[in-house]
Amino acid sequence: MPELPEVETVVRQLAPLATGRRIEEVRILDPLLRAGRPPAYRGRTVARLCRRGKWILFELSGAEPLYLACHLRMTGRLLWRGPDDPLPSHLRARIRLENGEVAFVDPRRLGRLAWTRDPARLGPAGVDPMEPSFTVRRLARLLAGSAQAIKPWLLRQDRLCGIGNIYASEILHAARLDPRRAAGTLDAGEVRRLHRATRRVLASAIRMCGTTFSDFQDARGASGRFQELLAVYGRDGRPCRRCGHPVRRIVQQQRSTFFCPACVGEGRRTGGPEKEKAGRDHGRLRKPSLSRSCSPRE
DNA sequence: CAACCTACCTGGAAGC
DNA sequence: TGCTTCCAGGTAGGTT
């Protein structure tokens, strides 16, 4: 689930259900969440739900600020449960409110929960690309001087926050930029294209409620439709939607990158070395999941 | 310091 | 069928 659009979707879906509701209990079922010692939270209400990069923040009411922060990492999900709904599998934590509960589900157990009075201490967060402060000029300043390839650069949460492996490839494709280009070598026009593509791709994914791969989706969980619009991610060997040339998969920093060689005009790259991998298709990514509504049931 | 690599986890799909 | 291998939406922390 979880890059910026998926996290934003979760926040938008849970906000109307949780805002203003009293927290009765936060039960940690898996110590790997590493939530730390809980401060006095009982009886406080959820003042608002918001997002900081890929962190989901429950801001609690009270004289002193207090936040319950959730990071979904690779496979985490937050599901709304009514009192009579069955317990989902891979349940790692339960946030019980007066009107229902938020279930933290996470098969791979990489997700995190954290109590904090200061969200800034959750880690370095770069510019949020959906905020007004993300300007072309700001992006140019951040890119300047970096020898890192632009695709791994986009994954750095201390520069921009919220972009992950799927949207990095999609954004670069939309901007017609070679993922191997050194970040600091983009000229002014290319930086402008990257800025516009970042905004467009993320905004479009948010409109579609994000990307969902697995086909067994609980109806009340976030079940996005952006996977139907993916232009390159998971499409190794299949035709580019723009020009028909086969999409190529390469590995950068041990992670898959997808791009269309024809669209980026192979040739004048200046990035680091790249390892080619045998072009095995990503079977699990091919399967489109059933179309469902974005909004949680009830 | 910047860039890179590995470990952390589990489960699903493909290969044999 | 069953066993093995590879892969996955992220990031902290260690190594070059």
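Fair warning: this is a prediction, and the values are worked out from it, not measured in the lab. Convention: sequence-line order gives letters A, B, ...; per-chain numbering from 1.
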Roughly how far apart, to the nearest Å, are [N] and [M] at atom [atom1]?
{"N": "C:dT11", "M": "B:dG12", "atom1": "C1'", "answer": "23 Å"}
{"N": "B:dC9", "M": "C:dT4", "atom1": "P", "answer": "22 Å"}
{"N": "B:dC5", "M": "C:dA8", "atom1": "P", "answer": "16 Å"}
{"N": "C:dC7", "M": "B:dT6", "atom1": "P", "answer": "14 Å"}

Any donor-acceptor N/O pair, [X] side chain to [Y] backbone, under 3.5 Å:
{"X": "A:Q227", "Y": "A:G224", "answer": "yes"}
{"X": "A:E25", "Y": "A:I95", "answer": "no"}
{"X": "A:E170", "Y": "A:Y233", "answer": "yes"}
{"X": "A:D158", "Y": "A:P124", "answer": "no"}

Quickly work out the [X] [atom1] to [N] [atom2] distance and round it to whole Å.
{"X": "A:L33", "N": "C:dG10", "atom1": "CG", "atom2": "C1'", "answer": "15 Å"}
{"X": "A:R109", "N": "B:dA7", "atom1": "CZ", "atom2": "C1'", "answer": "15 Å"}
{"X": "A:D106", "N": "B:dC8", "atom1": "CG", "atom2": "P", "answer": "17 Å"}
{"X": "A:Q253", "N": "C:dT15", "atom1": "CD", "atom2": "C1'", "answer": "13 Å"}
{"X": "A:D158", "N": "C:dG10", "atom1": "CG", "atom2": "P", "answer": "15 Å"}
{"X": "A:R92", "N": "B:dG11", "atom1": "CZ", "atom2": "C1'", "answer": "11 Å"}
{"X": "A:N165", "N": "C:dC7", "atom1": "CG", "atom2": "P", "answer": "13 Å"}
{"X": "A:L72", "N": "B:dC8", "atom1": "CG", "atom2": "C1'", "answer": "17 Å"}

N/O-N/O pairs, protein side and nucleotides 11-14 of chain C side, under 3.5 Å:
from, atom 1, to, atom 2, distance (Å)
C:dT11, OP1, A:H71, NE2, 2.9
C:dT11, OP2, A:K54, NZ, 3.0

(request) Inspect the contact between A:R42 and A:E24 and indicate whether a charged nitrogen and a carboxylate oxygen are less than 4.0 angstrom apart. (result)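 Answer for the salt bridge query: no.
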
(message) Check A:R109 with A:D30, please: is the shortest side-chain N to carboxylate O separation under 4.0 Å?
(response) yes

(request) Kindly say if A:S256 contacts the phosphate of C:dA8, meaning a side-chain N or O under 4.0 Å from OP1 or OP2. (result) yes

(request) Examine B:dA3: is either OP1 or OP2 under 4.0 Å from a nitrogen or oxygen in the side chain of A:S146? Give yes or no. (result)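 For B:dA3, OP1 or OP2 has a side-chain N or O of A:S146 closer than 4.0 Å.
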
(request) Dot-bracket for DNA chain B, please, read 5' to 3', with Watson-Crick or G-U wobble pairs under 3.5 Å on both distances, ( ) within the strand, [ ] crossing, | other strand, . unpaired. (result) .|||||||.|||||||

(message) Give me the atom names and distance for the closest heavy-atom approach of A:K151 to A:S169.
(response) CE-OG, 4.1 Å

(request) Verify whether one side chain among A:S61 and A:R44 offers a donor that lies under 3.5 Å from an acceptor in the other. (result)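 On atom types as modelled, these side chains do not qualify, holding no pair under 3.5 Å.
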
(request) Give a yes or no on whether the ring-centroid distance for A:Y41 and A:F58 is below 6.0 angstrom. (result) no

Proximity to the side chain of [X] - top-ranked nucleotide from [options]:
{"X": "A:Q254", "options": "B:dT6, B:dC4, C:dG10", "result": "B:dT6"}
{"X": "A:L110", "options": "C:dG9, B:dC5, B:dC8", "result": "B:dC8"}
{"X": "A:H90", "options": "B:dC9, B:dG11, C:dC7", "result": "B:dG11"}
{"X": "A:Y233", "options": "B:dA3, C:dA8, B:dG11", "result": "C:dA8"}

(message) So if I apply the side-chain contact (heavy atoms from CB on, under 4.5 Å) rule between A:L160 and each of A:L155, A:D128, A:L154, which one comes out positive?
(response) A:L154

